[in-house]
Amino acid sequence: MRLNLNSILPAPEPVLNRRSRIIPVSDPLLNGNEIKYLTDCIKTGWISSLGGYVEKFEKGFSKFCKVKYAVSVSSGTSALHLALASLGIGRGDEVIMPSFTMVSTANAVVYQGAKLVLVDSEIKTFCIDPAKIEEKITDKTKAIIVVHIYGHPARMDEVLKIARKHRLYVIEDAAEAHGAEYRGKRVGSIGDIGCFSFYGNKIITTGEGGMLVTSNKRIKEKAEFLRDLAFSKEGHFWHKELGFNYRMSNLQAAVGLAQLERVEEFIKIKRRNAYFYNKFLKGTPGIILPPEEEYAKNVFWMYAILVNKDFGITRNELRAKLAAKGIETRIFFIPIHLQPVYSKICRGKYPVSEELCRKGLYLPSGFNLKQNEIKFISKVIRGTAN
Ligand SMILES: Cc1ncc(COP(=O)(O)O)c(C=O)c1O
């Protein structure tokens, strides 16, 4: 059966009612030490990638993730690219990853000239389905990338078991899941490398920025080397390998350090938002609440729901209804195999990814979201708001 793309491709963005206060999908909290540390950078002139904040932020973040090393970079996308490059993955190699993710995960593989091999996701966790990985492994497979979608960890034990059996690297794309836990372990610390994003809507932000974390010294040293244009130790301006400028600036790290000081508070706010949504939305026919499996601590980066048929109206109709009340929402990712840039090279069937894309919606999940706003949003969804 041919897929009806119209049921998947995004409808035009609904018009937000701007007469009422707009309740945004997310907003950063920047009222800690951000200005103080930034001012220090400006006053001392340390504004590029040298300067104390980069090191302090890296040390603090490695501690937060419970790993030995953290290598700061310019974005989550560059963290993923650097991860693959540091593992020596390139042309002729295959990398397994879920189709249901942000385009960055796939781009990183293609930047290295490796072949993308997609796997479908689970409807329960939105993450890669471990039961569908092994059939995609060939003698060219070098790594599996898991993505901890919207703050919920993937099934790491199953993935690690497959990876060990076939001697594959595991990279965790934890761009959306700072502080999430799998059986008590922080995501990013479980595979060989973890990659984080600090874009403005993330759990902590540096404006733009990212981090690669690992407990492997060799990987850490290679990542630092490639991040900094592969400057040779033998002499300055001497390059024997192709490197990248993926450095984070001291200005970004200054913001990052201030954010990191409050990360536990930020995670509590995300979990509190989810607690109130769950309370007000529980039992609504046709609305599937976000997962939190028995093994998981979900950090609910975004409060992500599925709108099933028995809800009565479609996901897009619900979006329009919320927008009319000034409530901003986002649809779920459009799977990689349906992206025009990838549809020719990624064939195959990924029905769960497509279902997630058709039914998924995330609700306002910002740090400034009030309990009464969550109640109001829930009432609009349930059809009981005035
Ligand atoms: C799952 C996932 N991976 C990677 C990225 C890329 O991060 P960045 O935007 O910092 O490049 C994102 C960003 O939103 C993401 O959601």
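In listed order, ligands and their atoms are each counted from 1.
- Salt-bridge annotation for Lys321 and Glu317: absent, with no side-chain N of the basic residue lying under 4.0 Å from a carboxylate O of the acidic one.
- Remark: aromatic rings of Tyr362 and Tyr303 are distant, center separation not under 6.0 Å.
- Within ligand 1, the atoms closer than 4.0 Å to a non-hydrogen atom of Val147 are 1 (C), numbered from 1 in the order shown.
- When ring centroids are compared, Tyr277 and Phe300 stay outside the 6.0 Å threshold.
- Residues Glu354 and Arg358 are not paired through a salt bridge, judged by the lack of any N-O separation under 4.0 Å between the basic side chain and the carboxylate.
- Of the candidates His148, Lys202, Met211, the one placing a heavy atom closest to atom 14 (O) of ligand 1 is Lys202.
- Ring-plane geometry between Phe280 and Phe276 is classed as parallel, the angle between the planes falling under 30 degrees on a 0 to 90 degree scale with a further cut at 60.
- The protein non-hydrogen atom at the shortest distance from atom 11 (O) of ligand 1 is Thr77 OG1, 2.5 Å.
- Proximity of Leu363 to Leu281: side-chain heavy atoms (C-beta onward) are separated by under 4.5 Å at one or more points.
- The aromatic rings of Phe367 and Phe266 sit tilted relative to each other, their planes meeting at an angle between 30° and 60°.
- Ligand 1 has no N or O atom lying under 3.5 Å from any N or O atom of Phe198, backbone or side chain.
- Atoms of ligand 1 lying under 4.0 Å from at least one heavy atom of Ser75, given by number and element, are 10 (O), 11 (O).
- Where the criterion is an N or O separation shorter than 3.5 Å, residue side chain and backbone included, Ser104 fails it with respect to ligand 1.
- Within ligand 1, counting atoms from 1 as listed, the ones closer than 4.0 Å to a heavy atom of Ala175 are 2 (C), 3 (N), 4 (C), 5 (C), 12 (C), 15 (C).
- Scanning all protein heavy atoms for the shortest distance to atom 3 (N) of ligand 1 gives Asp173 OD2, 2.8 Å.
- Within the listing of ligand 1, atoms 1 (C), 15 (C), 16 (O) sit less than 4.0 angstrom from a heavy atom of Glu176.
- Counting only heavy atoms of the protein, atom 9 (O) of ligand 1 lies nearest to Ser197 OG, 4.0 Å.
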